[in-house]
Number of protein chains: 2
Amino acid sequence: MASKSQIRREQLREKLVEAAERRIARDGLNELRARDLAGDAGCAVGAIYNVFEDLNAIVMAVNGRTFLQLEQAVAASFDGTEPPVQRLIAMSTAYLRFAEANTRRWRALFDLQMRADDPVPDWYRDALKGLFSYIAEPVGQLFPEMDPEELDLMTRALFSSVHGIVTLGLENRISGVPPEQIERMITQIMSGIGNK
Amino acid sequence: MASKSQIRREQLREKLVEAAERRIARDGLNELRARDLAGDAGCAVGAIYNVFEDLNAIVMAVNGRTFLQLEQAVAASFDGTEPPVQRLIAMSTAYLRFAEANTRRWRALFDLQMRADDPVPDWYRDALKGLFSYIAEPVGQLFPEMDPEELDLMTRALFSSVHGIVTLGLENRISGVPPEQIERMITQIMSGIGNK
DNA sequence: GCGGTAACTTGAACGCGGTTCATTTGTGAG
DNA sequence: CTCACAAATGAACCGCGTTCAAGTTACCGC
């Protein structure tokens with residue numbers, strides 16, 4: 001039987017993660033406060049630590065959801081019939097759109113890892129692997145005689161490039177590129193690849 | 001006359017920046033502490049705030065130096081006689097080498113902007129402009145009939161791509177790519193561009 | 001039901017770290 | 001030498017994540 005404690009415990013976890021998700025989406029990771037979360041969830045500050053290791057663990061839970069949504073958005077962006085370069089562009093654009101529409105949550109996805117000292121959790125590496133595998137397929141079609149190791153490198157290189165373009169592009173404080181141009185940058189890079 | 005106070009003031013600024021530079025290089029931006037800096041510089045904590053607006057201002061001063069060194073490293077990586085793609089690869093590799101050799105200082109260059117709320121200072125935008133102009137030249141050679149606006153986009157796209165590859169590449173917690181492979185990723189992307 | 005123990009909840013308190021401020025110390029013109 | 005003003009000092013303030021002693025609730029064998 002799921003004891004009453006277990007139920008409450010699970011409900012509290014859920015409330016905390018939802019509150020954190022809302023607050024991250026609204027105010028950004030930097031503005032997340034333990035006391036605010038406790039207030040939202042209707043529990044004492046200390047209760048958080050019965051249910052989660054620390055604040056990072058909550059953010060990690062939020063990141064897990066976000067990563068799933070991101071993966072779905074990318075997966076939904078192509079039907080498999082497009083030529084490889086088209087598909088790469090479609091996926092990249094989906095990545096961009098997701099980052100635009102969920103900037104703060106998307107940024108939390110990477111900001112947390114950059115800061116924390118503890119090892120990256122398995123599900124995180126797996127989620128990235130999942131994204132990579134979407135990219136690997138069209139890349140494989142484009143370069144049939146490339147050996148697997150080099151294909152893997154190319155896959156990561158393309159992901160990193162798109163990620164860099166989107167990251168700096170959305171940080172208009174630094175780059176100052178209007179959003180609609182970001183898509184063109186992606187296209188420029190991706191079409192270059194096709195013409196080896 | 002430069003009053004005794006003015007001298008001391010300038011010396012303190014210098015000592016603080018040097019201490020911050022050493023500490024960032026050794027322990028990373030996250031471990032920087034006002035009290036440690038005061039200890040290094042042989043002054044009281046409060047004295048820092050007579051001489052700098054806040055801690056960020058010191059980091060900014062460090063970043064200014066780092067950016068200069070980065071620009072020099074990129075500038076020294078080519079002699080102008082190489083074909084455009086070669087030159088792009090040489091500059092990108094120089095960027096990578098600099099980031100490898102000065103990881104924590106290089107990361108501070110971008111981490112600070114991502115966090116702070118106050119506007120990016122002018123010299124920072126200018127330094128980036130400087131880097132961009134190095135890239136713009138070979139790009140212009142590669143695509144003589146491209147209009148200026150698109151050339152600018154391509155320039156930023158290439159910088160962002162390399163930046164993304166280096167960033168994720170050096171964060172081996174996330175990507176797990178051995179350093180010597182990062183250079184190959186850059187080459188893959190850059191040579192793709194050349195064959196439009 | 002009943003009592004006892006284990007688990008949960010609570011919020012005040014701790015520790016850390018950036019920043020401030022009343023007080024002390026130093027500077028330089030008259 | 002003196003006085004007014006500037007600079008230096010470090011204790012104190014405040015915000016915030018985390019902990020903990022004390023109080024409360026849930027669970028189980030009787």
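Below, chain A is the first sequence line, B the second, and so on; all start at residue 1. Quantities reported herein were computed from a predicted structural model and do not represent experimental measurements.
- The closest side-chain donor-acceptor pair between B/Q181 and A/R156, if any, does not fall under 3.5 angstrom.
- One atom, CG of B/L112, and another, P of C/dG18, lie 13 Å apart when rounded to the nearest Å.
- Heavy-atom neighbours of A/E53 CD from other residues, nucleotides or ligands within 6.0 Å: at or below the threshold of 12.
- From B/W106, atom CH2 reaches atom OG1 of B/T66 across 12.0 Å, with rounding to the nearest 0.5 Å.
- Put simply, CD1 on A/I58 is 12 Å from C1' on D/dG17, counting in whole angstrom units.
- Residue whose closest nucleotide on DNA chain D sits further toward the 5' end, between A/L55 and B/G46: B/G46.
- In this structure, the OH atom of B/Y49 is 13 Å from the C1' atom of D/dC13, given to the nearest Å.
- In this structure, the side chains of B/Q11 and B/I7 come closer than 4.5 Å at one or more pairs of heavy atoms.
- Taking atom CG on A/D54 and atom C1' on D/dC16, their separation rounds to 14 Å, with Å as the unit.
- A/Q11 places its CD atom 16 Å from the C1' atom of C/dT9, with the value rounded to the nearest Å.
- In this structure, CG of A/N50 is placed 13 Å from P of C/dG11, rounded to the nearest angstrom.
- Spacing between atom CZ of B/R8 and atom C1' of C/dT27 amounts to 11 Å, rounded to whole angstrom units.
- Between A/I48 atom CD1 and C/dC8 atom P the separation is 16 Å, expressed in whole Å.
- Of the charged side-chain nitrogens involved, at least one lies within less than 4.0 Å of a carboxylate oxygen, so that A/E21 and A/R65 count as a salt-bridged pair.
- Note: B/E149 CD to A/R184 CZ = 5.0 Å, rounded to the nearest 0.5 Å.
- Heavy-atom distances under 4.0 Å link DNA chain C to A/R35 of residues 13-38 of chain A, given in residue order.
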